[in-house]
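This report concerns only the one structure given below.
In this text, all values refer to a predicted model and were calculated from it rather than measured experimentally.
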Amino acid sequence: MESTNHTAVSEFLLLRLTEDPALQPLIFSHFMFMYLVTILGNLLIILAVSNDFHLHSPMYFFLCRLSFNDICLSTSIIPKMLVHIQFQDQSITYSGCLTQRGLVIVFDYLENCLLAVMAYDCYLDVGYPLRYTVIMNPCLCALLVMVSLSINIVVGLLHNEMVLRLSFTALEIPNFFCEFTQFIKLTCSDALFVNILVYISSSMFGGVSISGIIFSYVHIVSSVLRMPSSEGTHKTFSICGSHLSVFSLFYGTGFGVYIVSSVTDSPRQTVVDLVMYSVVLRCLSHLSTA
């Protein structure tokens, strides 16, 4: 079926983080600092792993991909927001909004997949130490990343294809980026099918990822309890500690943002919550893995 773009607008207006001009330089400096820390911190992780032969293992392979994904996700949101703050221009084109949405979907879902793969890697390392290097060979590691990325690209394109079939008349998006739930509220078309599609895909990716992580850690804990020495327990936590901290930050903060946003009617409060999740979390995630 041929796609038709029914949109009646060419650009949207994003919400300002503050209406006080005196706070604009402070907000700009804050987010510029957080963005640079996120980029430089993750680049240092990638460079350290690449230059140290002893770190050329599946765990650090996935950690590098997670760091690179954090860079991509932050870059798809923060630079545009900094431009808006600096030049006091909150407009974003329709095509720019779709592109930003698609990139956020791809990299956000990919992070879920990478966390699940890292949990599976920890499970194999702890549960099957003698066969670990045979199972998690470089080809399988690369294949897991490529399959995850390909699936997420298809999902992102499918989401945008569904949005292209909707009509938009409202201009103001009550958020600092083109976040889906706020963006889709602007349509004057029946968005029931699009909402169902998005909720199904979100539930599938989130549910499968979380289930995989829980499954892996249940078996990891079971293996730890069977270990006769404390040395083995210490080794296990040294292997899986960084992943567990990232998992707690990612899903714990995301769940908190969802709960707070669902009980508040303030668009600005929702924006603040999403800022904490989309920006600050990226900075904390690389610090926890470093």
Does the side chain of [X] reach to within under 4.5 Å of the side chain of [Y], using non-hydrogen atoms?
X	Y	result
V117	V145	no
L110	I153	no
I105	N152	no
C122	I220	yes
L73	V106	no
P138	F61	no

Separation of [Y] [atom2] from [X] [atom1] (nearest 0.5 Å):
X	Y	atom1	atom2	value
I135	L140	CD1	CG	9.0 Å
N42	S74	CG	OG	7.5 Å
M118	F62	CE	CZ	8.5 Å
M81	I27	CE	CD1	9.0 Å
I71	L43	CD1	CG	4.0 Å
C178	R101	SG	CZ	8.5 Å

[Y] reachable from [X] in the ILVMFWY side-chain graph, under 4.5 Å edges:
X	Y	value
L36	I39	yes
Y123	V218	yes
V208	F107	no
F28	V83	no
M34	L44	no

Open item on the list: Pairing donors with acceptors under 3.5 angstrom, does anything connect the side chains of D52 and Y60?
Closed with: no

TODO: Would you kindly say whether S209 and N112 are connected by a side-chain donor-acceptor distance under 3.5 Å?
DONE: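 No, no side-chain donor-acceptor pair sits under 3.5 Å.
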
Open item on the list: Under the side-chain contact (heavy atoms from CB on, under 4.5 Å) test against C141, which residue among M146, M136, R65 passes?
Closed with: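 It is M136; the other options fail the test.
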
Task: side chain to side chain contact (heavy atoms under 4.5 Å, CB included) evaluation trace for Y120 with F215 - done: CA-CA 9 Å; Y120 179 67; F215 171 83; 5.9 Å; no

Got a donor-acceptor contact below 3.5 angstrom from the [X] side chain to the [Y] backbone?
X	Y	result
H84	S91	yes
Q100	S76	yes
N51	L47	yes
H56	S50	yes

Exercise: identify the closest heavy-atom pair between [X] and [Y]:
X	Y	result
L55	A48	CD1-O, 3.9 Å
N160	G102	ND2-CA, 3.9 Å
Y109	V155	CE2-CG1, 3.8 Å

Open item on the list: Check the orientation of Y94 and F12. Use parallel for under 30°, tilted for 30 to 60°, and perpendicular for over 60°.
Closed with: tilted

Open item on the list: For a side chain to side chain contact (heavy atoms under 4.5 Å, CB included) check, start with the C-alpha distance between D70 and E111, then their side-chain angles and the critical distance, and finish with the verdict.
Closed with: CA-CA 8 Å; D70 282 347; E111 184 147 4; 3.1 Å; yes

- [ ] Give a yes or no on whether the ring-centroid distance for H30 and F33 is below 6.0 angstrom.
- [x] no

